[in-house]
Amino acid sequence: MDDFKNRVSDYKLPLIILGICCLLMAILLVRENETEEVPSDQTVAEACYGVPVLNYHKIENKHHSLSVPIADFEQHMAWLSERGYHTITPDELYAFITEGKALPDNPVMITFDDGYSDNYLNAYPIMKKYGFTGTIFVVTSFLGKYNGYMTWEQAKELSDNGFSIESHTISHKSLTELTDDQLREELRESRQVLADKLGKSADYLAYPTGTYNLHIAQMVKEAGYKAAFTIRYDNVSRDTNVYAIERVPIFHTEHTNRDFLDRLDYGPLYSKLGWVKN
Ligand SMILES: [Zn+2]
């Protein structure tokens, strides 16, 4: 019996060491799985096909789904920069779709809808720091008129510094609710105002509330726009219809930053599998 006890105590030390090793292995395995939540660039490149066109609205610290907090937005820009993303203009995206023109490595287009003043006050300084540019679709009759929207001076400054200021119509009415005459006016007048105020032609439109149909797309084309952006959730490929360009919506959620990475890396995959998260 004593002999047996001695034998057990002989094995005690190696058993304890073995136990500690197993525990360390388990911890390492768990940590490896955790880091997989933020995929490597290689995985990102494989999972991500096409060009993400990110769609923001407001960049401000309010508890609202359209308002991405400023610190979160800064984190998004830092991630894009760390991962070697290059911001592209609507003209570059258009040339990619229609002529197959090459884009810079890791292209991303950053868009904002409506023309809020926080785009100028909060987003612009952060984007400038990272050397990024963006596209803002403005509601032309709201600028310089309502609180919370940019002034035309601010829009002009952005336009003169590499941003594209494009049309989100005159009044932000859903285009499917309008008569053809009203529709024509919304499309033509907003384009004209932008050209007059900024000294550049506005060639792109974002459909207010995202609603459009084939007839509307045809009228957008007739009004002289080269392309139009929807809120359909996907990345843009060479097969994209230029009057129905997809975007990746970025909202303020319970996990804004995790959702951002998720959508950037796997959004198109989710949408193709029918797992669209809205
Ligand atoms: Zn809008």
Side-chain angles (χ1 to χ4, degrees), residues 52-60 62-69 73 76 89-90 93 109-124 127 134-152 154-155 158-159 163-178 182-194 197-198 202-213 216-217 219-220 223 225-234 236 242-253 256 259-260 263 267 276 278:
V53 178
L54 305 180
N55 180 208
Y56 290 95
H57 285 79
K58 289 165 153 267
I59 308 301
E60 60 168 5
K62 284 196 182 141
H63 201 77
H64 188 281
S65 67
L66 289 182
S67 305
V68 169
F73 182 76
H76 301 175
T89 63
L93 186 76
M109 190 168 151
I110 302 173
T111 73
F112 302 84
D113 280 9
D114 303 337
Y116 298 108
S117 52
D118 55 66
N119 296 176
Y120 173 84
L121 297 169
N122 302 333
Y124 177 44
M127 291 174 75
T135 300
I136 307 182
F137 295 101
V138 302
V139 184
T140 57
S141 75
F142 293 0
L143 258 59
K145 185 172 170 193
Y146 295 128
N147 265 345
Y149 290 87
M150 287 193 287
T151 63
W152 281 106
Q154 291 170 335
L158 289 170
S159 171
F163 274 61
S164 304
I165 309 296
E166 307 290 340
S167 174
H168 200 33
T169 73
I170 307 174
S171 66
H172 205 277
K173 286 179 188 136
S174 166
L175 299 183
T176 49
E177 315 275 303
L178 303 180
Q182 291 169 323
L183 186 54
R184 221 170 272 121
E185 202 196 327
E186 287 280 351
L187 297 172
R188 293 199 174 155
E189 176 78 17
S190 60
R191 194 158 180 250
Q192 189 58 49
V193 171
L194 282 161
K197 296 277 191 187
L198 306 174
D203 295 330
Y204 303 94
L205 175 92
Y207 297 109
T209 72
T211 49
Y212 70 101
N213 56 36
I216 291 169
M219 289 190 67
V220 170
Y225 292 95
K226 287 184 182 170
F229 292 77
T230 67
I231 50 170
R232 269 193 330 125
Y233 181 14
D234 207 345
V236 174
V242 286
Y243 291 102
I245 297 178
E246 301 89 349
R247 291 191 285 176
V248 179
I250 308 294
F251 291 118
H252 180 187
T253 64
T256 306
D259 289 349
F260 171 83
R263 286 181 171 220
V276 176
N278 270 318

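Counting from 1, the numbers follow the sequence of the chain as shown. Numbering of ligands and ligand atoms starts at 1, following listing order.
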**Q** Please report whether the ring centroid of Tyr124 lies less than 6.0 Å from that of Phe163.
**A** yes
**Q** Find the distance between OG1 (Thr169) and CZ (Phe142) and round it off to the nearest 0.5 Å.
**A**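 Rounded to the nearest 0.5 Å, the OG1-CZ separation comes out at 7.5 Å.
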**Q** Can a donor-acceptor pair be found, under 3.5 Å and without considering hydrogens, that links the side chain of Glu166 to the backbone of Asp203?
**A** yes
**Q** Take the angle between the ring planes of Phe251 and His57 and call it parallel below 30°, perpendicular above 60°, tilted in between.
**A** parallel
**Q** Hey, are Asp118 and Lys62 close enough for a salt bridge, meaning a charged N less than 4.0 Å from a carboxylate O?
**A**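 The answer is no: the pair does not qualify as a salt bridge.
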**Q** Taking Arg191 for the side chain and Ala202 for the main chain, is one N or O donor matched with an acceptor at less than 3.5 Å?
**A**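 Confirmed, Arg191 side chain pairs with Ala202 backbone.
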**Q** Under 2.8 Å from the Zn ion (ligand 1), which protein N/O/S atoms are there?
**A** Asp114 OD1, His168 NE2, His172 NE2
